[in-house]
Amino acid sequence: MNRPHPLVSALIACCVALLVFSCGGKGSGKSAAKAGQDSIDWNDSTFERYLILERFYNDEEHDSLLKHYPAVLEYCLAHNDIGRYFESWELVAEDYIWEGNYKKGMEETNKMMEEANARDDNYGRCIAHFLMAAAYGSQDNHEEAAKLFKQAVKEFPVGQRAPSMLTDIFSMYATEALILDDYQELEEMFRQWKDIRNHYVVDTTSRDADGFAHIHRIYFEAYLSYYQKKGDYKKASAALDSIAYYGRVEQLSSMTRASHIGLRACLENAKKNYAKALEYAQQQLDTCNKNQLSNSAFQDAYQNLYEANEGLGRYEEALKYMKLWKDLSDSTTMSDNRHQLNELNKRFELNELTAQQERQEQEHKRFELTLMLIIALIIVVALLLFIFFRHRAAVRLEKKNEQLVIATARAEESSKMKTNFIRQISHEIRTPLNILSGFTQILTTPGMELDAATQQDINHRITENTDRITGLVNKMLELSDVDSRAVIECTDMVTVVGIADQAVENSGIRQAAHLDFDLQVDPSAESTILTTNEQAAVRALTLLLDNAMTFTKQPEGFQSDRQGQKERAALKVTLNDTQVVFAVEDSGIGVPAEEAEHIFEEFVQLNEYYEGTGVGLTVARSLVRRLGGDITLDTAYTAGARFVMTLPKSEN
């Protein structure tokens with residue numbers, strides 16, 4: 001457990017010093033410090049009345065303070081002592097603020113500001129802004145507090161009033177700026193403070209030596225907090241030495257002396273010089289015991305001892321002092337709570353029974369409200385769960401409906417494709433069968449005499465159509481094996497050129513009357529040998545060439561825009577780092593980019609007017625993928641269609 005920021009210790013030290021300087025009362029003791037610094041005529045009756053109010057303030061006699069202050073204010077006005085008038089009024093407003101009654105404190109402060117503005121009195125405005133800043137700072141509104149302290153500094157009538165009030169403002173202003181880490185503002189504030197402080201030279205023989213030493217000491221305590229927070233321990237140590245010097249001049253109480261020893265212990269702990277910190281902390285505790293100081297002094301000593309022992313690894317001692325520190329902190333808190341309860345009973349004449357009954361009633365109301373909130377929460381949660389599960393069921397149902405619609409559409413499309421396939425295959429088979437049947441009738445007709453050329457033509461046509469039927473049957477057999485995941489055995493060593501030549505020959509693309517065909521083999525591929533399945537590779541490439549022939553030939557009954565011009569087709573063989581690439585391109589009708597994958601599905605024909613069964617590309621891709629390669633459509637090619645078949649190169 002770490003010590004609170006050094007700023008806290010420094011702030012405590014400042015407050016203690018101010019208390020001591022004001023004769024040991026509670027609160028900040030600011031008014032007493034101001035009074036002590038004026039070169040006062042002790043027979044001044046306004047000052048005598050001010051001292052009476054200050055005693056009530058320091059002794060926490062709130063009722064007496066509130067009872068007598070109106071008469072003191074009236075007396076000060078009657079004797080035209082406006083400075084003492086505002087200082088006396090400050091005691092009342094400040095008393096409200098330190099007691100936590102910010103509403104009343106601000107009411108008095110606002111009245112004071114109105115009075116100061118009406119009189120155009122800077123000192124009154126300075127005190128009013130000082131009180132506002134104290135109220136904001138006590139409520140942790142540090143930014144607003146810093147602004148108001150800065151305003152109070154500007155309004156202080158330097159040279160007309162004793163510097164003690166300004167010292168208090170600077171001290172609390174420094175605390176707020178440190179909390180905000182506003183180092184730039186602190187540097188500027190310290191420059192102003194130093195300029196004013198330097199006007200008050202401490203002469204130990206002077207009657208004002210004690211008061212002026214106090215001004216310098218408070219300055220260096222704020223300076224210590226600043227440099228300790230920045231981690232500049234060299235300047236912090238110098239500030240401590242200055243505090244000690246002015247402390248010797250000033251008549252310090254034992255409480256303040258103990259606090260100053262604690263500041264040294266705190267600094268040594270921050271520097272991790274734990275042995276030295278332990279020495280100072282023990283001196284601090286001895287001073288507290290010797291002078292029977294208040295709990296707050298012991299708390300600070302115990303905390304310093306705890307941190308020093310922990311830093312030295314003396315964990316038993318550290319635990320002992322930590323417990324003492326925590327116990328004292330708890331008892332102080334309990335004491336404060338009891339004090340607040342007694343104050344309430346005194347002011348509002350409440351007894352314990354009445355307070356207990358009210359607490360019980362409040363607890364009962366809170367219980368009923370809590371129960372109602374729990375029930376309402378359960379209902380809301382149940383409703384949200386119902387809505388959530390209902391929504392999730394609706395989403396699931398909607399998704400299932402969407403899937404059903406898609407499945408239905410796919411089934412309809414599949415059915416349509418199968419119907420088209422059956423119709424197309426029937427046409428593909430019926431046409432060659434009709435031709436074969438016709439030639440058979442001619443050849444078997446009795447007495448039919450045919451010349452040699454006619455017989456040769458008939459034989460060619462019969463062979464061609466027989467091969468056509470055989471090809472269709474083979475495609476059907478190959479289609480049945482499309483979904484097979486078995487890897488085709490690749491043990492054939494064949495040249496790339498051999499695969500290309502065999503596929504060209506099998507497809508008969510060179511003999512296609514409507515085409516100009518070109519086979520282009522890259523020189524680097526001419527001598528390349530693949531270890532593959534020759535039959536499957538040749539078959540796949542043949543199917544791609546068949547596809548090029550089919551979709552470059554005009555369907556019957558269609559007029560072409562290119563009358564008298566032949567279509568083009570090419571097979572280009574190249575190599576890349578890991579593959580052999582067979583690119584079959586044509587100048588036919590082409591394939592839309594969005595159909596690049598769809599055309600490889602079974603029975604797909606994008607144009608029903610062209611011959612074909614819609615299974616060639618499906619079979620070709622299946623064969624090549626089982627050889628370790630792939631077939632894709634090059635969508636960047638727009639002059640027709642380009643299909644790219646790749647096979648893996650053989651490892652050397």
Exercise for the section: Answer yes or no: is there a side-chain heavy-atom contact under 4.5 Å between Trp193 and Thr167? Expected result: yes

Practice task
For the pair Tyr302 and Phe298, name the ring-plane relationship: parallel under 30°, tilted 30 to 60°, perpendicular over 60°.
Solution key: tilted

Fill in the blank from the handout: Interatomic distance, CD@Glu94 vs CD@Glu99, rounded to 0.5 Å, equals 11.5 Å

Problem - Salt-bridge contact Glu402-Lys399 (side-chain N to carboxylate O under 4.0 Å) - result: no

Practice task
Taking all non-hydrogen atoms of both residues into account, name the closest pair between Glu155 and Asn122 and its distance.
Solution key: O-CB, 3.3 Å

Exercise for the section: Applying side-chain contact (heavy atoms from CB on, under 4.5 Å), run through Asp121 and Cys126 and close with a yes or a no. Expected result: CA-CA 9 Å; Asp121 189 290; Cys126 170; over 6 Å; no

Problem - side chain to side chain donor-acceptor pair (under 3.5 Å) between Gln282 and Asp286, intermediate numbers included - result: CA-CA 6 Å; Gln282 189 59 56; Asp286 292 343; 3.3 Å; yes

Practice task
Verify the neighbour count for atom CZ of Arg366: are there more than 12 heavy atoms of other residues, nucleotides or ligands below 6.0 Å?
Solution key: yes

Exercise for the section: Over all heavy atoms of both residues, which pair between Ala270 and Tyr233 is shortest? Give the atoms and the distance, please. Expected result: O-OH, 3.3 Å

Exercise for the section: Could you grab the distance from atom CG of Leu383 to atom CD1 of Ile378, nearest 0.5 Å is fine? Expected result: 13.5 Å

Exercise for the section: Tell me, with the steps shown, if Asp241 and Arg264 meet salt bridge (Lys or Arg N to Asp or Glu O under 4.0 Å). Expected result: CA-CA 10 Å; Asp241 292 339; Arg264 290 197 178 276; 3.2 Å; yes

Exercise for the section: Would you indicate whether the side-chain heavy atoms of Glu268 and Tyr274 approach each other to under 4.5 Å? Expected result: no

Problem - Reported CE-to-CD distance for the pair Met372 and Glu368, which is rounded to 0.5 angstrom - result: 8.5 Å

Handout entry: Qualifying residue, where the test is side chain to side chain donor-acceptor pair (under 3.5 Å) with Lys150 and the options are Glu185, His129, Glu176, Glu188
Key = Glu185

Problem - For Ser254 against Asn291, the heavy-atom pair lying closest together - result: CB-CG, 3.4 Å

Handout entry: Spacing of Leu51 atom CG and Glu48 atom CD [to the nearest 0.5 Å]
Key = 8.0 Å

Completion exercise
Between the CG atom in Asn101 and the CD atom in Glu107, the distance rounded to the nearest 0.5 Å is 8.0 Å

Exercise for the section: State, without any angle test, whether Glu54 and Asn58 hold a side-chain donor-acceptor pair at a distance under 3.5 Å. Expected result: no

Problem - Heavy-atom closest pair, residues Ser88 and Tyr50 - result: OG-CD1, 3.5 Å

Practice task
Determine whether Phe56 and His62 make a side-chain contact, defined as any pair of heavy atoms from C-beta on separated by less than 4.5 Å.
Solution key: no

Exercise for the section: Let me see the working for Tyr57 and Trp98 under side-chain contact (heavy atoms from CB on, under 4.5 Å), right down to the final yes or no. Expected result: CA-CA 11 Å; Tyr57 171 85; Trp98 298 144; 3.0 Å; yes

Practice task
Evaluate whether atom CD of Glu187 has more than 12 neighbouring non-hydrogen atoms of other residues, nucleotides or ligands under 6.0 angstrom away.
Solution key: yes

Practice task
Assert yes or no for the condition that the ring centre distance of Tyr321 to Trp325 is strictly below 6.0 Å.
Solution key: no

Handout entry: Parallel, tilted or perpendicular, as decided by the 30° and 60° cut-offs, for the rings of Phe156 and Tyr123
Key = perpendicular

Practice task
Supply the atom-to-atom distance His260 NE2 to Gln283 CD, rounded to the nearest 0.5 angstrom.
Solution key: 14.5 Å

Practice task
Would you mind reporting whether Tyr136 and Lys147 have side-chain heavy atoms less than 4.5 Å apart?
Solution key: no

Handout entry: Close side-chain approach of Val72 to Ile52, heavy-atom, < 4.5 Å
Key = no

Practice task
Using a strict 4.0 Å threshold on nitrogen-to-oxygen distance, state whether Arg217 and Glu221 make a salt bridge.
Solution key: yes

Completion exercise
What one should report as the nearest heavy-atom pair of Asn269 and Ala277 is OD1-CB, 3.2 Å

Practice task
For the residue pair Lys103 and Tyr96, establish whether any side-chain heavy-atom pair is separated by less than 4.5 Å.
Solution key: no

Problem - Side chain to side chain, Gln284 and Tyr280, heavy atoms closer than 4.5 Å - result: no

Exercise for the section: In sequence, state the C-alpha distance, the side-chain angles, and the governing distance for Tyr75 and Ser45, and then conclude on side-chain contact (heavy atoms from CB on, under 4.5 Å). Expected result: CA-CA 9 Å; Tyr75 189 88; Ser45 56; 2.8 Å; yes

Practice task
Quick one: do Lys276 and Glu279 satisfy salt bridge (Lys or Arg N to Asp or Glu O under 4.0 Å)? Show the steps, please.
Solution key: CA-CA 5 Å; Lys276 195 67 175 175; Glu279 180 182 339; 3.7 Å; yes

Practice task
List the steps and the verdict of side-chain contact (heavy atoms from CB on, under 4.5 Å) for Leu66 and Asp95.
Solution key: CA-CA 10 Å; Leu66 294 176; Asp95 185 67; 5.6 Å; no

Exercise for the section: Output yes when Arg49 and Asp81 qualify as a salt bridge under the 4.0 Å nitrogen-oxygen rule, no when they do not. Expected result: no

Practice task
State, with a plain yes or no, whether a side-chain heavy atom of Ser225 is found less than 4.5 Å away from one of Thr175.
Solution key: no

